[in-house]
Amino acid sequence: MMKKPKSEPEKRSGSLNISGWRQFKAILRKDIVIELRTKEMITSMGLYALLVLVIYYIALSNAGSSFETQRIAAGLLFLAIVFTSMLGLNRSLVHEVDQGCLEALLLSPIDRPIIFFGKAVGNLIFLLIVEVFVTPLFYFIFLSSAKMQNSGPVWMVALALVVGSIGIAGVGTLLATMSVNTKGKDFMLSVMFIPIMFPLLLAVVAAASQAIMGDPGYVKVFWQMIAAAIAYDALMIGASFALYEFILEA
Amino acid sequence: MKKQIKTAVILMLVGGLLTAAAFLMAFYTAEVQTFGTVNLTKAQAAASNTVFEVAPANLQPIDGTINYLRPWLSQKIFYFHVPLAEASFLIFTVAAFFAIMFLSKRRKSFDTKSRIAMEVAFLFVIATMITGDLWTRASWGMWWDWDPRLTTYLIMMLLMLVYFVLRNSIEDEERRAMYASVFCIIAWIDAPISFFITRIIPSQHPVVFNSGMASSNLVPFIVAQVGMIMIGYAIYTLRVGEEQSRERLEIIKEAIEN
């Protein structure tokens with residue numbers, strides 16, 4: 001059973017001369033073209049993130065003027081991204097299953113790992129686009145009046161966001177593919193997603209928090225946390241990459 | 001089959017005896033920490049609503065914090081808590097091993113074994129949590145603390161819980177086994193993180209084998225550990241036997257119906 005999916009595509013891709021890179025590009029282009037036509041993912045994720053920010057305002061509305069928002073800003077930012085990404089991940093796989101696209105992908109002579117990377121990179125791109133809109137908005141709403149003289153350069157927060165998003169998109173793609181085939185669907189996704197992502201989120205929130213607050217010696221802690229997050233990303237994406245084949249097969 | 005149950009019962013009894021013996025042994029051989037104290041600031045003491053007695057004046061520090069007397073029995077929970085925790089990591093690893101075996105061999109029995117190992121591991125994790133909570137209350141003066149070890153262990157417990165939720169939400173048997181195995185392997189990654197985190201990040205939770213444990217404490221600890229693993233193995237074999245007989249019963253039922 002293990003050998004079948006490997007040998008067949010190799011043979012065919014040899015005869016048709018389709019490299020893995022082109023297969024990957026084809027899957028990615030399919031997702032982007034669908035998105036350009038419907039604009040569904042970006043609008044729904046963006047709107048959802050906006051609403052989360054409004055909810056934050058409700059949560060902080062009675063905190064008083066002495067409350068320093070930058071102390072919890074990184075956590076709030078990543079929370080918005082986690083919720084938004086769960087919505088996006090679920091949608092991206094529900095589409096595949098509803099319209100029979102996943103079956104077609106499985107029938108086509110494409111290597112399973114390439115399907116994983118195609119979907120994961122697609123999800124990552126959409127997530128990053130939403131972040132590009134949401135993060136400045138978040139700064140504008142919550143941090144424009146905060147004391148930010150000491151805080152680190154903006155690219156530090158951006159790096160933490162990118163490292164976090166890579167992990168979210170990579171592992172999230174695997175978990176979303178699992179959850180669309182269960183009874184609970186989006187419920188199962190969130191239930192699996194949050195504990196699995198916990199160490200990564202803790203590390204990236206710590207990194208971003210250090211950059212925003214800029215306490216003495218923050219650069220060292222920032223890089224330690226980024227290194228931990230990258231290690232977790234590599235480990236988890238490696239595992240997801242190896243296990244995706246089994247999920248598709250079942 | 002009968003022999004299997006017999007050995008399991010014997011193992012269970014011996015394991016129980018060993019853990020009980022280790023607990024009693026600890027009173028005779030190990031250093032009894034009668035005069036341990038808990039150091040709390042005034043704010044902490046107020047927040048945790050501590051019930052400990054204030055330590056005598058000669059044991060009070062000068063920096064304004066207050067030392068409370070640690071309940072003298074509290075250290076003894078070590079001989080339950082640590083063996084339970086170590087055994088839970090071990091059994092979780094066994095579950096992940098069977099999950100890998102299932103994915104490579106595709107035999108249903110491996111999935112069953114993985115699931116049952118997961119059940120036993122979950123039982124041990126719950127027991128570790130309960131004993132740990134009692135201990136943190138006794139020696140840190142609070143029920144729960146977001147300490148790195150405690151946090152990652154809680155996440156491990158949640159992951160195990162999710163594993164069973166995942167199993168219940170899939171009807172197709174083959175798919176259930178496959179997804180559960182994949183999830184088990186991914187979830188297992190948290191186990192080494194939880195195990196090694198106290199060695200990397202400074203945390204309130206002690207690292208047992210680095211803290212210079214007295215050899216008089218080590219002997220009862222090892223006895224308790226062996227006993228705990230025996231109990232775990234006994235529960236595991238009993239459950240596997242039960243599961244196998246249930247499967248056989250299903251086959252017989254089907255044969256009769258047809």
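Reminder, nothing fancy here: chain letters follow the sequence lines and each chain counts from 1.
Qualifying side-chain hydrogen bond (donor to acceptor under 3.5 Å, both in side chains) partners for B/Arg107, counting only residues two or more places apart in sequence or in other chains: none.
Salt bridge absent: B/Glu257 and B/Lys253 never bring a charged side-chain N and a carboxylate O closer than 4.0 Å. By the 4.0 Å N-to-carboxylate-O rule, B/Glu119 lies close enough to B/Arg115 to be salt-bridged with it.
Inter-residue side-chain proximity for A/Val82 and A/Phe193 is flagged as met; some heavy-atom pair is nearer than 4.5 Å.
Residues of residues 175-191 of chain B having a heavy atom under 4.5 Å from any heavy atom of chain A, listed by number: B/Arg175, B/Met178, B/Tyr179, B/Val182, B/Phe183, B/Ile185, B/Ile186, B/Ala187, B/Ile189, B/Asp190.
When each of A/Lys185, A/Met236, A/Met192 is scored by its heavy-atom pairs under 4.5 Å with chain B, the top score falls to A/Met192.
For chain B, no part of A/Tyr244 is nearby; none of its heavy atoms comes within less than 4.5 Å. Using a 4.5 Å cut-off between heavy atoms, B/Leu166 touches chain A through backbone and side chain atoms alike. Heavy atoms closer than 4.5 Å to chain B are found in the side chain of A/Met188, but not in its backbone. B/Asp172 does not touch chain A: none of its heavy atoms, backbone or side chain, sits under 4.5 Å away. For A/Leu202, no part sits under 4.5 Å from any heavy atom of chain B, backbone or side chain.
A/Tyr56 and A/Phe138 have perpendicular rings, their planes meeting at more than 60° on a 0 to 90° scale where under 30° would count as parallel. Using cut-offs of 30° and 60° on the angle between ring planes, the pair B/Trp146 and B/Trp144 is perpendicular. The aromatic rings of B/Phe221 and B/Phe78 sit tilted relative to each other, their planes meeting at an angle between 30° and 60°. Note: B/Phe89 and B/Tyr153 have perpendicular aromatic rings, judged against thresholds of 30 and 60 degrees for the angle between ring planes.
Between B/Ile229 atom CD1 and B/Ile91 atom CD1 the span is 8.0 Å, to the nearest 0.5 Å.
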